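To start, the structure itself, in structure tokens.
None of the values given here were measured: they were computed from a predicted structure.
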Amino acid sequence: MDKKKFSEKTSWFWKWFLNNQVVVGLVVVLLLLLILLVFTKVSYLFEPVGQFFAIVGLPMVLAGILFYLMNPVVNYLEKKGIKRQYGIILLFIFVLLLLIWGIVVIVPEIREQIQSLVKSFPGYINTIGEKADQLFKDPSFRSVQDYIENSAQKILESITDLTQSLSRVTLQGLGSVVSVVTNIVIALFTAPIILFFLLKDGKRLGPYLVSFLPNRMRRPTYHVLSEMNQQLASYIRGQLTVAFAVAVMFMIGFSIVGLNYGILLGVLAGFLNLIPYLGSFLAMVPVIFIAIVTGPVMLVKVIIVFAIEQTIEGRIVSPLVLGSQLEIHPVTIMFVLLTAGKIFGLAGIILGIPFYAVAKVIATHVFEWYKSVSTLYKDEEAVEEPADS
């Protein structure tokens, strides 16, 4: 009798607590929070690790990005009968010549346009101010004139405060400039070395990493690593290809309509296009600014160029290059951009999406594994309906 009551109590406890998805989920969340709390208490133990990644992080990221761009070319040369290391050397020579050409031809032009823009910027500000005054003097704006003037005054005060704070931060941060420059120099010298060995031995990296795992874990782990690699490769190659195409289209379009600083604005548009959905619109802010100063005709031409570029990019370039390989909803991308940008700044905006894609792959496989070993997600057996009497 006692054994029967114990069995009933155990079954009840198992049903409502141990075998309940909500309870198990809450327990898992609680354990994760406890782990995070423990890590915060012993964070000083991980400071050497953080310093190590602060030094090697930049060259590894640069080498990884270049690896995903150059690896298909090296594979193609290898299929054509060229030994892999010789193909890597030939590709390095080509990239070096391309960089020299860019430094000799493109960089001086961009530098001249930057210098010209800096000299002309005060005049642009005055022109915008005069046009704004003429617009606000219109009788239809009298009802909101006071509000606009107060808003403009607040904006000017905010800009002044921001300038002063930036000046203080700049003076205080002069000591860190040396370390930043040092890290960049180290990255420029070490990234090519890391890149060479990645291109040479990258195929063996995955099997080497999983060789340390137990036998039954090697195949699924290698599958996860391969899927992560595919996600990163697709995103990096696609985004950089689209960004390059956007830069070329804007440079050609601005040159045709005769907009000043066309090369500089095109390069800026290509760089900002690395930010999904928002990049092209952010790039158009300085373009619209310069077009307004130039005249209404130029503004119409610039809008036409932007419309044509967006049509070509959205209908032809992005579908062909990117497709739907990441399978991330646009709303999710916006949340990731906002969160990563708030926490990590510009680096978070640029790298947030690929890191989210990798985290999504890991989380998906972990959840699938949990479903396979747990009894919480098994389909209930269909209850047979009684036959009609």
Side-chain angles (χ1 to χ4, degrees), residues 35 46 48-95 186-241 321-328 347 350-374:
I35 292 172
F46 300 95
V49 179
Q51 294 175 358
F52 172 77
F53 281 104
I55 296 173
V56 304
L58 181 59
M60 289 181 64
V61 170
L62 290 177
I65 292 173
L66 294 174
F67 168 78
Y68 286 120
L69 289 177
M70 299 171 66
N71 191 52
V73 181
V74 176
N75 291 336
Y76 175 79
L77 294 176
E78 189 177 19
K79 291 179 180 178
K80 293 298 180 180
I82 301 175
K83 289 186 177 181
R84 192 167 185 85
Q85 56 185 3
Y86 295 152
I88 297 171
I89 295 173
L90 290 175
L91 189 56
F92 271 41
I93 294 174
F94 173 77
V95 172
I186 292 174
L188 292 177
F189 278 97
T190 56
I193 300 174
I194 298 174
L195 175 62
F196 177 83
F197 287 103
L198 280 177
L199 291 172
K200 182 175 179 292
D201 303 321
K203 293 181 178 180
R204 291 180 285 183
L205 182 60
Y208 174 76
L209 292 176
V210 300
S211 64
F212 295 97
L213 300 175
N215 291 337
R216 65 175 184 175
M217 296 179 62
R218 292 180 182 179
R219 185 180 296 275
T221 303
Y222 184 76
H223 177 68
V224 173
L225 292 177
S226 300
E227 190 172 341
M228 291 165 53
N229 179 67
Q230 182 62 35
Q231 291 282 320
L232 286 175
S234 300
Y235 181 81
I236 291 175
R237 292 170 190 162
Q239 284 296 122
L240 291 178
T241 303
V321 176
L322 292 176
S324 57
Q325 295 166 336
L326 288 182
E327 298 180 353
I328 302 176
I350 296 176
L351 301 177
I353 301 300
F355 276 103
Y356 172 80
V358 171
K360 180 182 176 183
V361 171
I362 297 175
T364 301
H365 283 276
V366 169
F367 183 65
E368 291 297 329
W369 168 82
Y370 178 72
K371 287 172 63 177
S372 65
V373 300
S374 173

Can you tell me how far apart [atom1] ([X]) and [atom2] ([Y]) are? Round to the nearest 0.5 Å.
X      : Y      : atom1 : atom2 : result
Glu227 : Leu232 : CD    : CG    : 11.0 Å
Ile82  : Ile89  : CD1   : CD1   : 11.5 Å
Thr221 : Leu213 : OG1   : CG    : 5.0 Å
Met70  : Phe196 : CE    : CZ    : 10.5 Å
Leu91  : Phe94  : CG    : CZ    : 8.0 Å
Leu198 : Ile88  : CG    : CD1   : 9.5 Å

query: Which ring-ring contact (aromatic ring centres under 6.0 Å, His included) pairs, counting each pair once, include a residue from residues 203-233, with sequence neighbours left out?
result: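 Sorted result for residues 203-233: Tyr208-Phe212, His223-His365.
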- prompt: Can Phe92 and Leu199 be said to form a side-chain contact (heavy atoms from CB on, under 4.5 Å), step by step?
  reply: CA-CA 11 Å; Phe92 271 41; Leu199 291 172; 3.9 Å; yes
message: Applying side-chain contact (heavy atoms from CB on, under 4.5 Å) to Phe67 and Ile194, what does each step give before you reach the verdict?
response: CA-CA 9 Å; Phe67 168 78; Ile194 298 174; over 6 Å; no
Minimum heavy-atom separation for [X] to [Y], with atom names?
X      : Y      : answer
Arg237 : Leu69  : CA-CD2, 4.2 Å
Pro59  : Ala191 : O-CB, 3.8 Å
Arg218 : Ser211 : NH2-O, 3.0 Å

message: Assess whether a salt bridge exists between Glu78 and Lys203, defined as any Lys/Arg side-chain N lying under 4.0 Å from an Asp/Glu carboxylate O.
response: yes
- prompt: Are Tyr68 and Asn229 close enough that some pair of their side-chain heavy atoms sits under 4.5 Å apart?
  reply: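 They are in contact (side-chain heavy atoms under 4.5 Å apart), so the answer is yes.
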Test item: Asn75 side-chain N/O and Asn71 main-chain N/O as donor-acceptor pair under 3.5 Å: yes
- prompt: Is it true that a side-chain atom of Arg84 and a backbone atom of Asp201 form a donor plus acceptor pair closer than 3.5 Å?
  reply: no
- prompt: Would Ile362 and Val358 count as a side-chain contact (heavy atoms from CB on, under 4.5 Å) if you check the C-alpha gap in whole Å, the side-chain angles of each, and the deciding distance to 0.1 Å?
  reply: CA-CA 6 Å; Ile362 297 175; Val358 171; 4.2 Å; yes
message: Looking only at the side chains, is there a donor atom on one of Ser234 and Gln230 sitting less than 3.5 Å from an acceptor on the other?
response: yes
